Amino acid sequence: GTLADVIGRHPRQQLTWLGLLAAPLLLPVAIPGMATTVGAFCLLVALSLLLGKPLALPGWLGRRQVPDALHGPLHRVLHSLAGVLGRISQPRLLALSSPRWRLPNALMLALAGASMMTPMPLVSFDNVVPAAAIALLAWGLRVRDGGLLLAGYVTTVLAWLYVGLLWWAGAEILLWLSQRLPGGWL
């Protein structure tokens, strides 16, 4: 099948994939390009949530074929993840996942995606907090768990504080280095 078929055209399917794609970034392991890809997909899902319409992948991307050998492993991973989510989440605080909350949920999802895409000046575990925010928001929306959504809201704020802290620390290190190097370089 095509990538568009695998990801699906329904927002709930897309939220499933967004949560799944964010999961590896919860580990402090750098996968080149993964954070930007997940962040961009998160922004597109947030836009589709805001508009109340399914995400349409660009034609060139949606037509890409997913190798048949991946279908079985992907299905098993999704099934395992659904089992774990079924044990830790439940529909609660349903008002937070209602259409009335579409705008705040879409904005928080977009902010979480943007925090994932923000380049960091320091080598660090910079993707862990934004990935947690994306995963919590995606799964909270997917299973209508307001508890996960609230945790995702808090984690999104923490992600932006973390991004700000890393930028501040990077600027301080550059300033410190420029004062100690002969002739300075800033």
Side-chain angles (χ1 to χ4, degrees), residues 1-26 34-64 74 77-119 126-164:
T2 65
L3 188 57
D5 294 334
V6 170
I7 289 176
R9 289 172 176 78
H10 191 276
R12 290 178 60 95
Q13 291 171 307
Q14 295 162 355
L15 286 166
T16 299
W17 281 101
L18 180 58
L20 184 64
L21 288 171
L25 296 168
L26 293 169
M34 182 78 171
T36 303
T37 303
V38 171
F41 184 55
C42 186
L43 290 175
L44 290 172
V45 172
L47 180 61
S48 75
L49 179 65
L50 180 65
L51 298 174
K53 296 179 181 179
L55 167 73
L57 289 176
W60 63 270
L61 184 59
R63 288 189 298 271
R64 292 201 56 144
L74 287 175
V77 167
L78 281 175
H79 185 71
S80 297
L81 193 55
V84 169
L85 278 173
R87 288 189 296 274
I88 65 171
S89 67
Q90 60 187 340
R92 58 184 156 194
L93 303 170
L94 293 175
L96 293 177
S97 61
S98 71
R100 179 175 287 170
W101 280 77
R102 180 180 293 156
L103 176 62
N105 288 334
L107 288 175
M108 288 307 267
L109 197 57
L111 285 170
S115 72
M116 176 72 79
M117 294 175 68
T118 303
D126 58 323
N127 294 329
V128 174
V129 180
I134 290 171
L136 288 166
L137 291 167
W139 290 113
L141 288 166
R142 172 66 176 91
V143 297
R144 299 200 67 203
D145 185 338
L148 287 178
L149 281 172
L150 284 175
Y153 273 46
V154 169
T155 309
T156 300
V157 170
L158 291 174
W160 276 105
L161 289 173
Y162 186 59
V163 166

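All figures in this text were calculated on a predicted structure; none of them were measured in a lab.
The list of side chain to side chain donor-acceptor pair (under 3.5 Å) pairs with a residue in residues 93-102, not counting sequence neighbours, reads Ser97-Arg144. Sequence neighbours left out, not one pair with a member in residues 42-62 passes salt bridge (Lys or Arg N to Asp or Glu O under 4.0 Å).
Under the side chain to side chain contact (heavy atoms under 4.5 Å, CB included) criterion, Leu44 pairs with Leu55, sequence neighbours left out. For Ala106, the side chain to side chain contact (heavy atoms under 4.5 Å, CB included) partners are Leu49, Leu50, not counting sequence neighbours. Listed by chain and number, the residues in a side chain to side chain contact (heavy atoms under 4.5 Å, CB included) with Ala22 are Val38, Ile134, Ala135 (sequence neighbours excluded). Leu107 pairs by the side chain to side chain contact (heavy atoms under 4.5 Å, CB included) definition with Leu103, not counting sequence neighbours.
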Report the C-alpha separation of Leu137 and Thr156 in whole Å, then their side-chain angles, then the decisive distance to 0.1 Å, and conclude whether the side chain to side chain contact (heavy atoms under 4.5 Å, CB included) test is met.
CA-CA 9 Å; Leu137 291 167; Thr156 300; 3.4 Å; yes
Starting from the C-alpha separation in whole Å, work towards a yes-or-no answer on side chain to side chain contact (heavy atoms under 4.5 Å, CB included) for Met116 and Cys42.
CA-CA 9 Å; Met116 176 72 79; Cys42 186; over 6 Å; no
Might you work through the side chain to side chain contact (heavy atoms under 4.5 Å, CB included) test for Val128 and Leu25, ending with a clear yes or no?
CA-CA 6 Å; Val128 174; Leu25 296 168; over 6 Å; no
Test log, rule side chain to side chain contact (heavy atoms under 4.5 Å, CB included), inputs Asn105 and Tyr153
CA-CA 9 Å; Asn105 288 334; Tyr153 273 46; 2.8 Å; yes
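Side-chain contact check for Val45 versus Leu109: some heavy-atom pair is nearer than 4.5 Å. Contact check for Arg142 versus Trp139: side-chain heavy atoms found under the 4.5 Å cut-off. Inter-residue side-chain proximity for Asp145 and Leu149 is flagged as unmet; no heavy-atom pair is nearer than 4.5 Å.
Summarising the geometry, atom CG belonging to Leu148 is positioned 11.0 Å from atom CG belonging to Leu96; distances are rounded to the nearest 0.5 Å. With values rounded to the nearest 0.5 angstrom, Gln14 atom CD is found 11.5 Å from Leu21 atom CG. Going from atom OG of Ser48 over to atom CG of Leu15 covers 7.0 Å, rounded to the nearest 0.5 Å. Taking OG1 of Thr36 as the start and CZ of Phe41 as the end, the distance is 15.0 Å to the nearest 0.5 Å.
For Thr155 against Ala133, the heavy-atom pair with the smallest separation is CG2-N, 3.5 Å.
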